[in-house]
S.K.: 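Dropping a structure here in structure tokens format, bear with me for questions.
One-based numbering, in listed order, for ligands and for the atoms of each. These figures come from a predicted structure and were not determined experimentally. Keep in mind that the numbers below use all heavy atoms, side chains included, and drop hydrogens, waters and symmetry copies.
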Amino acid sequence: MSILEVKNLNLGFNCECGFRQALYDVTFSLRRGKMSALVGESGSGKTISAMSILKLLPKTAVITGGQILFNGEDILKLGAREIQKVRGAKIALIPQDPMTSLNPLYTVGDQLLEVLKIHQNLEGKEAYKKAVEAFDMVQIPCAEARMKSYPHEFSGGMKQRAIIAMALACNAEILIADEPTTALDVTIQAQIMSLLKEIKTQMETAILLITHDLALVGENADEVSVMYAGRIVEKAQAKEFFQTPNHPYSAALLNAIPSNKTERLETIIGHPPSIQQIINGCKFHPRCKYCMDICTQEIPPMYTVGKNHYSACFLNK
Ligand code: SF4
């Protein structure tokens, strides 16, 4: 069952050169107990799509259409106070750099207690017990003693665990993990991903994984949406996506992942377009080796190419 549905989200920015559209009809959903990945290169629109869910957008951003339904309620219609109740409590962000969420001047325990006070109305012994439990849940060793530590006394992986503990303590229903392991070394990266998988299974949390790393997606996600230049170009169950990618961009991304096979890795020629660049038709056409006349003139619709598998490419016409 979908807990969150992003429907036809259109968003742009007011720049010096005028209004520039950044997201086009972005549509995807999150389900309880599942990890969905939003994959794409930098500037593809994946982070801005995720930040729209939290209404954490730059002042120049303008949402021009669409809905974001959380348990059936449109988040985009919520006022500042109402969204504050949702953000951090029901929908929590695990950022790339945990220091953006932790205050270096307060102990990690005090910050967790503050979160419990604001979002759960808990104080005193009850809050303390819940905080220690949350630290235990994310496997922070010597949880009680660690409550007194400052962020600089935590390693990168431990800081990320503390952020996850804050979300769990508030019983967040959705975790948005924005490149959550980029700043961590490979072993710690695997530990954090395995913790997230445990949480989604045990607590039925829906997780949105934002990443450019397809290997991470292959090992962890249940569903994948690929973004290119502000559009979702392919959507599928992870297993099917990795076995039979349909969109030429997805196929090219997968061919660029190192594997044990002996074939040569392919690179994708050119660069993704900037928000200022106007490209008619399929935005991938300047880089696509299958480009046809129609691709330069019309925007490909989403074609159904399998069970719960969709691809925006004219090769499926
Ligand atoms: Fe390539 Fe055309 Fe498909 Fe776009 S629509 S990915 S240009 S074949």
Side-chain angles (χ1 to χ4, degrees), residues 6-13 20-29 36-50 64-66 209-218 221 223-259 261 263-317:
V6 177
K7 287 184 169 178
N8 301 101
L9 183 65
N10 284 280
L11 177 150
F13 291 97
R20 291 286 181 266
Q21 190 147 355
L23 297 181
Y24 301 81
D25 287 321
V26 169
T27 298
F28 64 91
S29 57
S36 295
L38 208 47
V39 187
E41 292 166 279
S42 298
S44 60
K46 55 190 194 308
T47 295
I48 206 77
S49 300
T64 53
L209 175 67
I210 311 289
T211 185
H212 64 278
D213 183 348
L214 271 178
L216 198 71
V217 174
E223 291 147 7
V224 185
S225 297
V226 179
M227 286 198 84
Y228 186 79
R231 277 183 203 281
I232 291 187
V233 295
E234 182 159 6
K235 232 189 308 192
Q237 297 298 302
K239 200 171 167 201
E240 174 153 338
F241 174 79
F242 283 92
Q243 280 168 359
T244 52
N246 179 279
H247 197 281
Y249 177 59
S250 310
L253 284 179
L254 285 169
N255 280 333
I257 302 181
S259 71
K261 294 180 202 158
E263 300 120 55
R264 278 184 55 205
L265 294 182
E266 277 184 38
T267 50
I268 312 173
I269 49 153
H271 300 281
S274 72
I275 190 173
Q276 268 87 14
Q277 251 173 297
I278 293 167
I279 297 176
N280 292 326
C282 170
K283 286 195 182 248
F284 188 57
H285 87 251
R287 305 173 77 188
C288 181
K289 57 183 175 187
Y290 304 106
C291 181
M292 304 169 280
D293 282 348
I294 189 173
C295 309
T296 61
Q297 292 148 18
E298 291 178 33
I299 297 162
M302 269 288 186
Y303 293 95
T304 303
V305 295
K307 193 176 173 229
N308 296 323
H309 189 173
Y310 309 93
S311 172
C313 173
F314 282 124
L315 291 172
N316 300 297
K317 201 175 174 188

S.K.: Could you give the distance from NE2 (His247) to CG (Leu254), rounded to the nearest 0.5 Å?
M.R.: 13.0 Å
S.K.: With a cut-off of under 6.0 Å to the ring centre and 45° to the axis, is Arg231 in cation-pi contact with Tyr24?
M.R.: yes
S.K.: Please identify which of these residues, Ile210, Leu38, Val6, meets the side chain to side chain contact (heavy atoms under 4.5 Å, CB included) condition with Ser49.
M.R.: Leu38
S.K.: Tally every protein N/O/S atom whose distance to atom 1 (Fe) of ligand 1 is less than 2.8 Å; waters are neither shown nor counted.
M.R.: 1
S.K.: Charged N to carboxylate O below 4.0 Å: is that the case for Arg287 and Glu41?
M.R.: yes
S.K.: Going by the rule side chain to side chain contact (heavy atoms under 4.5 Å, CB included), which residues pair with Asn308 if we only count those two or more places apart in sequence or in a different chain?
M.R.: Gln237, Tyr310
S.K.: Please find the pair of heavy atoms, one from Pro273 and one from Tyr228, that lie closest to each other, and give the distance.
M.R.: CD-OH, 3.4 Å
